[in-house]
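Just so you know, ligand 1 is whichever comes first in the structure, and atom 1 is the first atom listed for that ligand. All of these numbers come straight from a predicted model, not from anything done at the bench.
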Amino acid sequence: MKALILAGGFGTRLRPLSCTRPKFLFPVANKPLIDWTLENLSKSGVEEVVLAVNYKAEELAAYCGESRFGMKILYSKDEELSLGQTRRRYKALGTGGPVKLAEKLLGDDDFLVLNGDILTNLNYAELMHEHKSKGGVATIALYSVEDPSRYGVAELASDGSMRITRFVEKPAKGQVASNLVNAGVYALSPKIFDYIPEAKHCSMEREVFPRLVAENMLFGYGFNGLWIDIGKKEDYLKANMMVLDSLQRQKRLESPVLMGENVVVEEGAEVGPYVVLGDNVHVGKNASVKRSVVFPGVAISDSSVVEGAVIGEDVSLGKAVRIGKNCIIGDGAIIKDGVTLARDVSVCPFKEVSESVFKAKCLM
Ligand code: GTP
């Protein structure tokens, strides 16, 4: 499956930070927005991504390179208009023009198009599946919001077919009888290229979708979950907070917890209360650390439990290790997978421990 990401907008509403970086490299919870999108596409089985670039194209290309998250990355750059020797500007093609421009790169199979400034955990594979089953020219991912007036709003046929009978971009209050809005993600059939003019500005929302509605060729796909357009500064802040909330839920951090620099806590891990993690500590999936001090550089592998212990610098705890109360582990020690050190066990520096110990003891 192929996807095109619209990633050429100027991001004027995020100035002045967008004067020095494209919107897609804005960090969301310390990870560039584009990586959130690419990672989710890769999980959905996308193999090739076309980045439709324009403003600050070079910065984006320098970051993404030729492949990312196992997917091939291609670039399609909006046409360049030369305005003299010293000044260059790019023609804005809008949300439809870049799709037409990339026609040859997208091939002759159905493909996805995404606004690049959306943060979502939408299941792209499911969207594509629904699109193919309906047989329309386009299927728009639809998200339910309280106030639809800032978005493109879709009204659906009453027969349950998910056919869109009306699409209104930024409607006035009361103009539409729906709160399902265009989430900025579409599955498209190659027939779409017949609806977009060549080499000029075209708005998918204002020009293409209304025509498809008139021909009964536009469908919707409703979804719940995480979705936010980071285009405005309030929403950029909100997106960070939404991710922090979901990370907190996934990782179950219980205060008080103090973490150093570059600490990684994987999904499902529980950290706290009363835990100090030094710099560069890694806590693996479903691991648990409570009432402990963990020195810098420690690796705690998946499903390990550390409770009431002191773990020295650069110690490596294998998978499903248990370190109990009052244990103290010397720097650089290696505790192998599945080992339990029940309580009051001291381990000398750089010692390798491959058998469990259930009584108070010093391992030399
Ligand atoms: P503002 O200037 O703040 O309105 O942001 P924007 O320019 O990004 O516009 P908007 O949020 O409406 O764009 C929706 C999506 O289309 C974003 O992912 C943009 O990057 C992308 N986009 C908008 N215009 C163009 C364009 O002319 N070329 C390309 N390649 N992408 C575009």
Side-chain angles (χ1 to χ4, degrees), residues 2-26 28 32-38 40-41 49-61 63-64 73-81 88-106 111-120 122 124 138 140-141 143 145 148-153 167 169-170 181-186 188 192-193 196-209 227-239:
K2 291 189 185 183
L4 176 137
I5 303 179
L6 291 161
F10 291 89
T12 49
R13 291 164 297 165
L14 288 174
R15 284 178 182 163
L17 281 171
S18 55
C19 299
T20 43
R21 60 179 67 66
K23 206 161 28 171
F24 319 95
L25 294 184
F26 270 55
V28 177
L33 174 64
I34 190 77
D35 277 349
W36 288 101
T37 307
L38 291 175
N40 194 17
L41 284 171
V49 173
V50 178
L51 290 181
V53 291
N54 183 6
Y55 175 68
K56 297 221 176 278
E58 293 73 18
E59 282 90 334
L60 197 54
Y63 182 79
C64 293
I73 310 284
L74 304 170
Y75 296 86
S76 172
K77 195 167 181 179
D78 291 11
E79 277 170 67
E80 203 170 309
L81 280 188
R88 287 193 319 175
R89 275 183 51 199
Y90 299 101
K91 199 192 254 179
L93 289 180
T95 49
V99 178
K100 180 73 179 174
L101 192 67
E103 184 170 353
K104 289 202 177 71
L105 296 177
L106 291 166
F111 58 95
L112 299 166
V113 167
L114 287 70
N115 283 2
D117 46 6
I118 299 297
L119 180 76
T120 180
L122 168 67
Y124 299 111
I140 306 181
Y143 194 78
V145 297
S149 61
R150 280 173 49 197
Y151 306 97
V153 183
F167 186 85
E169 188 63 15
K170 301 192 177 65
V181 303
N182 172 11
V185 182
Y186 326 114
L188 304 175
I192 197 76
F193 298 121
I196 312 174
E198 199 119 18
K200 65 186 272 217
H201 182 283
C202 168
S203 161
M204 214 65 165
E205 301 83 353
R206 292 179 194 277
E207 296 165 58
V208 178
F209 293 157
W227 178 81
I228 187 161
D229 171 343
I230 70 137
K232 291 201 311 180
K233 56 183 182 294
E234 304 88 296
D235 292 336
Y236 170 66
L237 269 174
K238 196 167 158 198

task: Report yes or no: does Y55 have a heavy atom closer than 4.0 Å to ligand 1?
output: no
statement: Logged contact type for T95 with ligand 1, heavy-atom cut-off 4.0 Å, is side chain
Below 4.0 angstrom from a heavy atom of [X], which ligand 1 atoms are there? Numbered from 1 as shown, please.
X	value
D78	26 (C), 27 (O), 28 (N), 29 (C), 30 (N)
K23	5 (O), 6 (P), 8 (O), 11 (O)
P98	28 (N), 29 (C), 30 (N)
T12	1 (P), 2 (O), 3 (O), 4 (O)
A52	30 (N)
L93	26 (C), 27 (O)

Flag the pair [X] / [Y] as yes when their ring centroid distance falls below 6.0 Å, and as no otherwise.
X	Y	value
F26	W36	no
F111	F193	yes
Y186	F209	yes

task: Walk me through it: do K238 and D229 pass the test salt bridge (charged side-chain N to carboxylate O under 4.0 Å, His left out)?
output: CA-CA 10 Å; K238 196 167 158 198; D229 171 343; over 6 Å; no
query: Given R13, K232, M204, E205, which one has a non-hydrogen atom that is nearest to atom 4 (O) of ligand 1?
result: R13
query: Are any of the side-chain nitrogens in E234 or R13 under 4.0 Å away from the carboxylate oxygens of its partner?
result: no
